Amino acid sequence: MEPEPFKIGRIAFGVLRVTFALASTTFGLVFVGAAAYALYTWILPAWRKTLTNPSPETSIVVLAGFTLFALLFLALGVAMTVSGVRLVFSGKASRQGLERPDIERRGLGTTPLRPPGRLARWSRPRDVALVVQSRTPSGQVLLSSKRMYLIGAILVGLFALFWNAVVFLALRDTPLRSGLFGVIWLLLGLPFVVVGVGLLAVTVYLLLGALNPIVEIELPRESIRPGETLEIRWRLRGGAGRIATLGIWLEGNEVAVHAVGTDSERESRLFHRATLVERSALGPRPDGRAQLQVPAGAMHSFRSPHNEIAWTIDVHGEAPRWVDLRAVFPIRVEAEPA
Amino acid sequence: MIRIELARDAVRPGESLQGEIRWEADAPPGPATLSLFWNTEGFGTVDVEIVAREEISLGFRSGGLPFRFTLPASPWSFSGRLVSLLWGVELAGPGLAEPLRRRFTLGPEGRPIDLTGEPSA
């Protein structure tokens with residue numbers, strides 16, 4: 001069963017994916033249409049006239065420049081359209097891959113190395129938190145979450161404004177159009193309106209998340225060995241009153257990035273989960289201690305360009321009628337048994 | 001016929017991997033490269049790292065050539081549902097029809113770490 005915050009994150013990501021795909025396809029088609037129209041109505045007749053009846057008024061260089069410009073726009077439009085369509089289908093391929101019971105196995109290959117795509121990094125809610133590591137005066141390692149929601153809210157909000165402005169301009173004269181054309185125009189515009197509303201909803205969601213508290217975790221040192229137990233301290237700072245229940249877990253995930261051409265698909269799977277803290281009825285400044293233990297015989301942290309064994313401390317605070325608190329702190333498990 | 005023989009199929013981090021290349025062919029296989037490597041397998045794009053490499057010469061029609069590599073402390077062999085990591089020794093050269101590989105396990109307990117089980121709550 002997928003946790004609720006992950007579901008919300010996936011829905012938000014799905015809305016973003018559809019938005020980007022529709023935007024890319026729409027702008028691509030507009031570019032293709034404009035370039036094709038310019039080539040057909042102006043540039044081709046101009047070439048025909050120049051070649052059949054040369055005149056000193058028409059410069060071949062200028063005409064060639066306009067032709068190249070139109071072709072450039074045409075190519076750009078085709079690329080954007082293809083990119084948008086591929087984005088939609090890459091989402092479907094991903095879901096099919098998840099549903100496949102047997103995982104594809106490949107031998108040693110020469111696939112070019114490539115980091116995960118920018119969009120793929122937004123596909124997991126865990127990626128919205130940024131962690132800052134510092135030292136306390138007593139020498140403890142302090143991991144502190146930063147509020148990344150605000151940056152996300154600004155970026156998504158600006159895009160939502162732009163998107164809705166374009167949709168508004170396209171649809172504002174619909175009542176003036178009569179008959180079947182008006183109805184078709186409105187139906188065509190409806191999905192864009194839905195996406196625009198979805199973008200505004202995501203903006204509000206991210207703005208609410210920006211008001212959540214900061215999570216701090218203190219560790220005796222930067223890494224832990226399999227079979228070892230460390231005592232950690234945790235605390236919430238600012239706006240903790242909204243958090244009804246708090247859970248902290250140690251998680252181990254295997255992460256794989258499948259890169260094909262310019263696309264990449266990221267998948268992760270939980271292989272270890274241990275509860276460190278489960279608390280409700282938190283006070284105004286909640287804090288506490290917990291035992292962090294990596295089991296003996298566990299795999300150490302590992303990272304290669306496309307594959308990873310990631311150990312994290314995951315924090316989830318439930319906030320009724322608000323955006324839940326989430327923070328993920330990566331920790332390093334050494335390749336050295338305790 | 002060429003084969004790679006290992007003294008042990010499971011080695012602990014930091015230990016030595018000892019083995020021997022044995023061959024019997026119609027013509028001497030000639031120069032070849034013996035590589036110690038690990039690679040990933042599974043859903044993700046394959047990552048490979050050559051940890052050590054040794055140029056050797058198989059200058060006779062038959063024979064045996066011992067080799068020895070000192071293994072690093074990590075990464076350990078593991079097997080997951082999305083990712084697995086495997087260690088191996090590979091022999092490749094222009095006189096060989098195709099590269100020859102022999103797998104072994106690197107880990108503190110002498111077996112790949114199993115990540116395929118369901119996480120406990």
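Every chain is numbered from 1, with letters handed out A, B, ... down the list of sequences. Any value given below was found using the heavy atoms of this structure, including those in side chains, with hydrogens, waters and symmetry copies removed. Please read these numbers as outputs of a predicted model, since none were measured by experiment.
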**OP:** Using the side chain to side chain contact (heavy atoms under 4.5 Å, CB included) rule, take B:Glu118 and A:Phe271 through it: C-alpha gap first, then chi angles, then the decisive distance, then the call.
**Re:** CA-CA 6 Å; B:Glu118 291 301 321; A:Phe271 64 82; over 6 Å; no
Subject >> Intermediate values then yes/no, side chain to side chain contact (heavy atoms under 4.5 Å, CB included), B:Leu85 and A:Ile309 >> reply: CA-CA 11 Å; B:Leu85 188 141; A:Ile309 296 296; over 6 Å; no
**OP:** Please assess A:Ser304 against B:Trp38 for the test side chain to side chain contact (heavy atoms under 4.5 Å, CB included), listing each intermediate value before the final yes or no.
**Re:** CA-CA 11 Å; A:Ser304 62; B:Trp38 59 257; 3.9 Å; yes
**OP:** List the steps, then state whether side chain to side chain contact (heavy atoms under 4.5 Å, CB included) holds for A:Phe302 with B:Thr40.
**Re:** CA-CA 11 Å; A:Phe302 164 77; B:Thr40 59; 4.2 Å; yes
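Interface remark: of the candidates A:Pro337, A:Ala256, A:Ser301, A:Ala298, A:Ala256 forms the most heavy-atom pairs closer than 4.5 Å to chain B. Of the listed residues (B:Gly117, B:Pro13, B:Ala73), the greatest number of heavy-atom pairs within a distance under 4.5 Å of chain A belongs to B:Gly117.
Other residues, nucleotides and ligands place more than 12 heavy atoms under 6.0 Å from the CD atom of B:Gln18.
Annotation: the span from A:Arg269 atom CZ to B:Leu115 atom CG amounts to 7.5 Å, rounded to 0.5 Å. How far CZ of B:Phe78 is from CE of A:Met299: 5.0 Å, rounded to the nearest 0.5 Å. If you take CG on B:Leu82 and CG on A:Leu270, they are separated by 11.0 Å, rounding to the nearest 0.5 Å.
Residue contact with chain A, scored on non-hydrogen atoms closer than 4.5 Å, involves the backbone and the side chain of B:Pro75 alike.
Judged by distance alone, with hydrogens and angles left aside, the side-chain atoms of B:Asp47 form a donor-acceptor pair with the main-chain N or O of A:His306 at under 3.5 Å. B:Arg81 contributes no side-chain N or O that, together with a main-chain N or O of A:Glu254, makes up a donor-acceptor pair within less than 3.5 Å. Side-chain atoms of B:Thr45 come within 3.5 Å of backbone N or O of A:Ala259 as a donor-acceptor pair.
You'll find the side chain of A:Pro226 reaches within 4.5 Å of the side chain of B:Trp76, heavy atoms only.
The minimum heavy-atom distance between A:His300 and B:Ser74, with the atom names listed, is NE2-CB, 3.7 Å.
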